[in-house]
K.L.:
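Quick one: this structure, given as structure tokens, is what I'll be asking you about.
Keep in mind that the numbers below use all heavy atoms, side chains included, and drop hydrogens, waters and symmetry copies.
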Amino acid sequence: MTTMNIPPHTVAQLEAIVGNAYVFADDETRRNYGHDETEDYVFPPAIVVKPATAQEISAIMKLANAGQIPVTPIGGRTGLSGGALAIHGGIGLSMERFNKIVEIDERNLQVVVEPAVITQVLREAVAEKGLFYPPDPSSQGSCFIGGNVAENAGGARAVKYGVTKDYVLNLEVVLPNGEIIWTGANTLKNSTGYNLTQLMVGSEGTLGVITKIVMKLLPKNAHNILMLVPFFEAKQACEAVAEIFRAGIVPSALEFMERDAIDWALEYVEGISVDIKPDIQAHLLIEVDGNFPDVLFSEAERIADVVGQFRIDDILFADTEDQKNALWKMRRNVAEAVKSNSVYKEEDTVVPRYELPRLLAGIKAIGKKYGFRSVCYGHAGDGNLHVNIVKGNMTDDAWKTDVPKGIREIFELTVALKGTLSGEHGIGYVQKNYMDIAFNPVQLALMKGIKNTFDPNGILNPGKIFPDQS
């Protein structure tokens, strides 16, 4: 399998499968589908195809497999690891026509959904039925649920409710050879054979193309309390995270934002005002939820007691839904705010939460060593720290040569702290050359063996995850 254009007779076959109106070879469309939110990378596919059924995808995969044509599944293009980039050209398989919520099963608290349904649309649709789908990545207003499954996306509420994998029960998948399978059963328990469902979750589009998803839901909680806690020392904000859990409280969200992150977000998002003293270094955004207000008030008071043991300023309690929405809007726009200020690279480190202070201190020391500035924020409650490395005034040469050395040292520190390379963004294209830090040759060989079993011709999303692929 090599980088290639699509011969005319293959274009005609693709048009016969999906219809002329859903095959695109013009430069503008190809470029539009050749990037996601990963830095400034652009890898246009040779052709963009937009199927609407599993049977159409099956026919496309059979055609591609026979001709050893690379196929890259493309979702909402909100990813941060380059998972949807067509590194080898070939067919860009846009999933956007798979946009239906097939069934909301209120009796069994399940939903059947196609992969191009926007995550927030799904969350709002089930909420109207009094149900709750917890995973809430920051891009939930534009990302596709299929991409969430492919990358095992998390979000702010993962600390209490888990990540995408914890809600996937069963998947309809088209394999690289065109076979259509279901991976499991629509049951909460399943100990029947190997867990193909969980193998597919987080596989980043390298093992199969997801066409339907069966997910479990929860009853919707009636109440929540949201508080913003300012800290005079960023290290203490990280230390407070573990202490909240040690006090017996499990927040529904616990987010860390250092000073630059919150300042840039406030500049970027209009209509939000938070009074911050000049010497505040970091904030924790903490939410508790449930059905009994008295219990929530008690938990909020206990959290206030815990954080009060550190050097903090006055805690802001969000009094209204508008204020809560404003604080969440501020948090969810940090990445876009950083991006609007400078060229940047975003790394997705994760460690046991007690190690967060050491991770943050190490990142700052590594940045000082290699001459780069970092803006850190993320899902502190589950140890997931996003590290935005800002180019600022760095020379192009330092950006290209010194920053990768610094990133490698950040990942080496992360693994030394019993963490790993990615908590929720995946490995994709940009992190693959660091996989040797997290896995030894035996582990990588096992993963490659799984890939080869599913995709012996290596046509599906090539150039991702494994460090020896280009």
K.L.:
Out of curiosity, Ile366 CD1 to Ile407 CD1, how far, rounded to the nearest 0.5 Å?
P.N.:
10.5 Å

K.L.:
List for me each residue that meets ring-ring contact (aromatic ring centres under 6.0 Å, His included) alongside Tyr167, sequence neighbours excluded, and say none if there are none.
P.N.:
Tyr133

K.L.:
So, Thr414 side chain and Leu421 main chain: donor-acceptor pair closer than 3.5 Å or not?
P.N.:
no

K.L.:
What's the separation between atom CD1 in Ile145 and atom CE in Met95, rounded to the nearest 0.5 Å?
P.N.:
13.5 Å

K.L.:
Quick check: do Pro134 and Leu218 have side-chain heavy atoms less than 4.5 Å from each other?
P.N.:
yes

K.L.:
What about Tyr429 and Phe43, are their ring centers closer than 6.0 Å?
P.N.:
yes

K.L.:
Check Pro115 against Lys212 and note the closest heavy-atom contact, atom names and distance.
P.N.:
CD-N, 4.4 Å

K.L.:
Can you sort out the partners of Lys364 under salt bridge (Lys or Arg N to Asp or Glu O under 4.0 Å), two or more places apart, ordered by chain and number?
P.N.:
Glu258

K.L.:
Mind listing the closest non-hydrogen atom pair of Pro137 and Arg332 along with its distance?
P.N.:
O-NH1, 3.7 Å

K.L.:
Test ring pair (Phe, Tyr, Trp, His ring centres under 6.0 Å) on Tyr161 and Phe132 and set out the steps.
P.N.:
CA-CA 11 Å; Tyr161 292 104; Phe132 182 36; 5.2 Å; yes

K.L.:
So among Leu171, Asn148, Thr164, Asp166, which one has a side chain to side chain contact (heavy atoms under 4.5 Å, CB included) with Met215?
P.N.:
Thr164

K.L.:
May I ask you to check if Arg408 and Tyr434 form a cation-pi contact, with NZ or CZ under 6.0 angstrom from the six-membered ring centre and within 45° of the axis?
P.N.:
no

K.L.:
May I ask you to check whether Tyr377 and Phe256 place their ring centers less than 6.0 Å from one another?
P.N.:
no

K.L.:
Answer yes or no: is there an ion pair linking Glu204 with Lys464, defined by an N-O contact shorter than 4.0 Å?
P.N.:
no

K.L.:
Quick one: CG on Asn65 to CD1 on Ile60, what's the gap to the nearest 0.5 Å?
P.N.:
13.5 Å

K.L.:
Quick one: does Thr187's side chain have a donor or acceptor within less than 3.5 Å of a partner on Lys189's backbone?
P.N.:
yes

K.L.:
What side-chain donor-acceptor pairs closer than 3.5 Å can you find for residues 396-404, not counting sequence neighbours?
P.N.:
residue : atom : partner : partner atom : Å
Asp396  : OD1  : Lys391  : NZ           : 2.8
Thr401  : OG1  : Asp397  : O            : 2.7

K.L.:
Answer yes or no on whether Lys451 is positioned over the face of Phe466, meaning its NZ or CZ is under 6.0 Å from the six-membered ring centre and within 45° of the axis.
P.N.:
no

K.L.:
Centre of Phe24's six-membered ring, under 6.0 Å away, within 45 degrees of the axis: is that where NZ or CZ of Arg30 sits?
P.N.:
no

K.L.:
Does Arg157 count as lying over the ring of Trp328, i.e. NZ or CZ under 6.0 Å from the six-ring centre, within 45 degrees of the axis?
P.N.:
yes

K.L.:
Does this structure show an ion pair linking Glu37 with Lys339, if we count only N-O contacts that are shorter than 4.0 Å?
P.N.:
yes

K.L.:
Using modelled atom types only, decide if a donor and an acceptor are shared between the side chain of Lys62 and the backbone of Gly178 within a distance under 3.5 Å.
P.N.:
no

K.L.:
Is Glu355 paired with Lys418 through a side-chain N to carboxylate O contact shorter than 4.0 Å?
P.N.:
no

